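A note on names: the letters A, B, ... follow the listed sequences, proteins ahead of strands, and every chain is numbered from 1. Note that the structure is predicted; figures quoted are calculated from it, not measured. What you see below is based on every heavy atom in this structure, not just the backbone, and it leaves out hydrogens, waters and symmetry mates.
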Amino acid sequence: MSMRPVECGACGNEVLVEKRSLPHTTVQWTRPTDRCPELAGRDSALTAVCTGLRSSIERAVREGTLEVGTDAEPADGE
Amino acid sequence: MSARSTTEDHGPRRIEAGAPPERYARGWHCLGLASGFKDGKPHGIEAFGTELVAFQAAGTGELHVLNAYCPHMGGNLAHGTVKGDALACPFHDWRWAGNGKCAGIPYAHRVPPRARTRAWTTLEENGQLFVWYDPQGTPPPEGVTIPRIEGAFSDEWSDWTWNSIRIDGSHCREIVDNVVDMAHFFYVHNSFPTYFKNVFEGHVASQYMESDPREDMTAADTLSAQGRLRSEASYHGPSYMIDHLWTEVGGATAETVLINCHYPVSPDAFVLQYGALVKKLPGMTDEAAAQAAAQAAEGLATGFEEDVEIWLSKTRIDNPLLCDQDGPVYQLRRWYEQFYVDVEDVRPEMTDRFEFEIDTERAVRVWRDEVDANLARRAQSAQR
Ligand code: FES
Ligand SMILES: [Fe+2]
């Protein structure tokens with residue numbers, strides 16, 4: 001498993017996503033959230049999720065462009 | 001460092017304990033309830049590897065924080081006296097204003113023009129006193145502040161409870177690690193997490209958690225003593241966490257705000273402080289609200305005692321060996337690192353938004369079984 005780019009259908013921004021299983025999600029942004037309609041503004045870590053991005057991730061899973069892990073692999077990294 | 005194969009023998013994992021950083025985290029640090037410093041006396045504080053003194057100017061009512069040692073001959077201002085808006089040194093009565101300037105030397109013709117001590121940038125918010133720490137001496141950037149907690153200013157909420165404990169022999173990273181540590185809530189705090197997500201962005205690190213009490217533990221032992229609990233907790237900077245909690249108690253939802261904050265004393269000692277605010281339920285008297293807050297504080301105290309016991313016997317570990325159900329410890333530490341480097345060395349990956357939602361399915365199933373087995377064992381021994 002590794003991080004795969006997913007484009008947000010709402011704002012066009014691209015993030016890196018990993019899904020080790022259906023319930024698990026890792027999202028790594030590589031630029032500021034200031035163009036995201038749901039997160040832009042201060043202290044956006046106080047918002048748990050951008051729903052637009054979440055549906056784009058779910059769509060990528062449904063369409064098979066984002067692979068979902070089955071056998072979870074070690075999280076140890078860095 | 002990622003060990004993919006289980007058949008290959010990599011030998012035993014070697015713990016890298018590393019050494020705690022020599023420097024202290026840049027950011028706002030809460031020193032305690034503001035009211036505690038408003039008794040007309042100077043208060044000595046051991047922090048950031050030095051001694052500070054906090055006092056209230058008698059005229060303006062403002063709180064100030066200065067270096068404790070007087071630049072004249074080194075007297076300790078914490079043993080001095082508040083005189084007007086200045087703090088007088090116990091040694092030769094030099095007067096120090098809140099901005100660090102020498103405001104007078106009664107026995108001298110004139111004050112030396114360079115007579116100035118260090119005044120720390122302070123902030124009073126939520127009924128608490130904060131100091132800004134930055135080894136580079138830069139003032140807090142706009143937007144890096146302590147958010148206002150409405151409950152701290154409302155009659156519909158209780159007053160703060162407040163506790164303070166000094167931890168020797170541990171670096172404060174230990175408590176920050178808790179942000180991502182879902183499993184320890186089950187094993188250390190007798191609570192049963194069912195949902196767990198982290199978000200880090202900028203100078204804020206959040207933990208979103210839902211948990212149940214562990215039915216196999218008596219209520220007094222649990223962090224979420226009463227019922228299902230929803231928690232949204234965020235560190236605003238390196239040391240001040242605001243935790244909003246919603247607990248289901250007998251059909252109603254109780255709202256609580258917890259503060260979990262600390263300031264470093266030395267590279268391996270810190271002062272942990274925590275407090276609680278409780279929203280009054282309809283018809284609740286002030287006394288009942290105070291009691292509910294005290295109860296929340298007690299639960300909190302128990303929780304921290306459980307953490308402290310672990311810290312006192314554990315080792316520092318820079319290379320934790322993680323499993324698939326652990327939270328993002330390395331990414332949290334990457335976020336935390338931003339406070340330990342110079343501003344110009346903060347890299348985007350330390351502050352870029354990062355989200356991690358744990359798949360709790362397996363943990364919940366295994367924990368359910370463990371709780372059920374404990375309950376069954378208890379029922380059996382009760383029958384005998
Ligand atoms: S040392 Fe403070 S007045 Fe002399
Ligand atoms: Fe803990």
Side-chain angles (χ1 to χ4, degrees), chain A residues 1-6 8 10-11 13-58 60-61 66-78, chain B residues 1-6 13 142-145 147 179-180 195-209 232-237 242 244 318-331 333-335 348-349 351-364:
Chain A
M1 289 304 302
S2 57
M3 304 291 271
R4 291 266 173 261
V6 172
C8 175
C11 73
N13 179 54
E14 194 176 273
V15 296
L16 295 172
V17 181
E18 181 187 28
K19 284 193 75 84
R20 292 187 201 146
S21 66
L22 270 183
H24 163 265
T25 313
T26 305
V27 179
Q28 174 69 66
W29 288 63
T30 53
R31 59 176 315 279
T33 53
D34 53 1
R35 280 194 326 203
C36 166
E38 295 186 36
L39 298 176
R42 266 181 209 165
D43 288 354
S44 61
L46 303 183
T47 305
V49 74
C50 163
T51 57
L53 178 59
R54 164 162 280 188
S55 9
S56 302
I57 295 172
E58 282 165 2
V61 168
L66 180 65
E67 193 195 338
V68 178
T70 43
D71 190 5
E73 291 180 46
D76 180 26
E78 306 292 288
Chain B
M1 216 187 286
S2 81
R4 282 182 184 260
S5 156
T6 44
R13 174 83 156 201
E142 214 208 318
V144 175
T145 189
V179 169
V180 293
Y195 177 85
F196 201 91
K197 176 172 183 174
N198 290 112
V199 179
F200 316 137
E201 184 177 348
H203 70 291
V204 180
S206 298
Q207 174 199 76
Y208 298 86
M209 176 164 67
E232 295 185 9
S234 298
Y235 267 104
H236 297 267
I242 305 176
H244 294 272
D318 278 351
N319 61 336
L321 175 60
L322 303 182
C323 71
D324 55 30
Q325 300 299 283
D326 282 325
V329 179
Y330 286 94
Q331 288 86 352
R333 290 183 176 182
R334 178 181 71 183
W335 168 84
E349 63 263 33
T351 54
D352 276 345
R353 183 178 176 93
F354 174 82
E355 302 175 25
F356 192 96
E357 187 168 334
I358 295 186
D359 172 0
T360 58
E361 189 270 332
R362 183 188 160 86
V364 166

Requested in this report: Below 4.5 Å from any heavy atom of chain B, which atoms of A/Val15 appear? Answer side chain, backbone, both or neither.
Outcome: neither

Report task. Measure from the ring center of A/His24 to the ring center of B/Phe356 and say whether it is less than 6.0 Å. Result -> yes

Report summary line: From the list A/Leu16, A/Val49, A/Val17, the residue making the most non-hydrogen contacts under 4.5 Å with chain B is A/Val49

Query raised in the report: Thinking salt bridges, do A/Arg54 and B/Glu357 make one under a 4.0 Å N-O criterion?
Result: yes

Requested in this report: Against chain A, work out which of B/Glu355, B/Arg353, B/Glu349, B/Glu201 has the most heavy-atom pairs shorter than 4.5 Å and name it.
Outcome: B/Arg353

Query raised in the report: Do you know which two heavy atoms are closest between B/Pro147 and B/Ile242, and how far apart they sit?
Result: CG-CD1, 3.9 Å

Query raised in the report: Checking heavy atoms, do the side chain of B/Tyr208, its backbone, both or neither come under 4.5 Å from chain A?
Result: side chain

Report summary line: Closest heavy-atom pair, A/Cys36 versus A/Cys50, reported as atoms and distance to 0.1 Å, is SG-SG, 3.7 Å

